[in-house]
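Written out below as structure tokens is the structure these notes cover.
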Amino acid sequence: MEKGYVELISNLKKSIVQSRYVAAKLVNREQLMLYYRIGAMLSEKIGAEKWGAKVLERIAEDLQKQLPGLRGFSATRLKIMRQFYETYREIGPTVSDQLLEKGFWNISFSHHIFLISNCKTIKERLFYIEKAASEFWSFRTLEHHVHAKLFKNQGKLSNNFTKTMPENLKANALEVFKDEYLFDFVASDECDEKVFEGQLVSDIRNMIMTLGKGFCFIGNQYRLEVEEEEFFVDLLFFNRHLQCLVAFELKRGKFKPEYAGQLNFYLNVLDEKVKLPNENPSIGIILCKEKKNTVVEFAVKTIDKAMGVATYRTTKEVPAQMKGILPDVAEMAKLL
């Protein structure tokens with residue numbers, strides 16, 4: 001073992017030093033390439049020599065002796081590098097090309113490891129790699145969208161877009177809106193709609209992050225006036241990608257058909273009195289606790305304004321295996 005082991009330590013040291021010369025401070029691409037190379041060396045050598053798992057601790061200690069002050073190469077970290085390499089080494093050339101095109105080198109090592117641990121298929125991982133790279137997601141944002149099951153929920157929104165929206169906007173609209181939203185920054189939804197709305201508005205930054213790309217907040221309880229009567233839209237946004245106003249109505253219970261009629265009225269008024277000439281017709285989204293898709297389908301079937309119905313859940317409802325990963329309910333309650 002000793003000869004092969006000494007050779008491995010020498011090669012690892014050489015690889016690390018060479019990489020440091022390439023860039024005094026490792027840029028992301030170089031860092032990922034380094035970790036992949038190290039993962040490859042560890043995987044192939046340990047596999048060939050049939051060394052036990054504890055050899056990583058010895059490797060980490062010897063690297064520290066050879067390169068005093070070296071950070072980021074603990075036994076745990078080396079194990080992750082090996083996992084990083086083994087995850088991607090056997091994928092086919094087509095998938096490999098897709099990975100590079102979708103921004104493989106543009107997200108951090110932490111992003112990659114999180115996706116390896118939390119995504120079951122390469123298709124799901126590719127989806128999040130592309131989103132994280134193109135929309136510059138922080139690790140926290142990526143974590144939120146994975147726990148909110150964006151891959152599963154995007155494009156599944158119950159809606160009437162096919163009949164009501166211009167052809168060039170349909171695909172974008174389905175990409176922008178989700179079937180379920182995770183408000184993991186809200187302490188609890190055991191309150192009336194106005195209090196719940198207040199909690200969302202009090203942390204509008206996270207609210208926008210939850211909604212997705214291109215949303216700009218206009219206001220809550222946005223006032224509309226018709227024949228000297230006042231009406232109020234719960235939450236009003238503008239979406240830059242769709243170039244239209246987006247009205248959200250919050251309903252704490254199960255979806256009811258009459259909610260579609262109410263929202264249709266708001267959209268008519270928004271298009272008549274608020275929408276600018278160069279903007280697209282407004283879109284409405286009803287956020288409720290429960291829905292039956294068939295009921296939604298009949299409710300929006302003949303409405304000529306674009307609308308959809310989505311559900312939401314809060315941290316309190318997150319499955320047990322996610323507890324400890326997402327913010328603690330009590331801590332968030334204090335903040336709010």
Residues [X], [Y]: salt bridge by 4.0 Å N-O rule:
X	Y	value
Asp179	Lys291	yes
Asp62	Lys13	no
Glu230	Arg223	yes
Arg82	Glu86	yes
Glu175	Lys131	yes
Glu279	Lys275	no

Write down the atom of [X], the atom of [Y], and the distance for their closest heavy-atom approach.
X	Y	value
Leu250	Asp234	N-OD2, 2.8 Å
Gly308	Leu157	CA-CD2, 3.9 Å
Ser110	Phe139	O-CE1, 3.5 Å

Rounding to 0.5 Å, atoms NZ (Lys305) and OG1 (Thr164) come to a distance of 9.5 Å

Assign the ring pair His112 / Phe104 to parallel, tilted or perpendicular, where the plane angle (0 to 90°) is split at 30° and 60°. tilted

Would you call the rings of Tyr312 and Phe183 parallel, tilted or perpendicular, where under 30° means parallel and over 60° means perpendicular? tilted

Face-on cation placement of Arg58 at Tyr5 ring, 6.0 Å and 45° thresholds: yes

For atom NZ of Lys170, is the number of surrounding heavy atoms from other residues, nucleotides or ligands below 6.0 Å larger than 12? yes

Before we go on, tell me: are the rings of Phe265 and Phe231 under 6.0 Å apart, centre to centre? yes

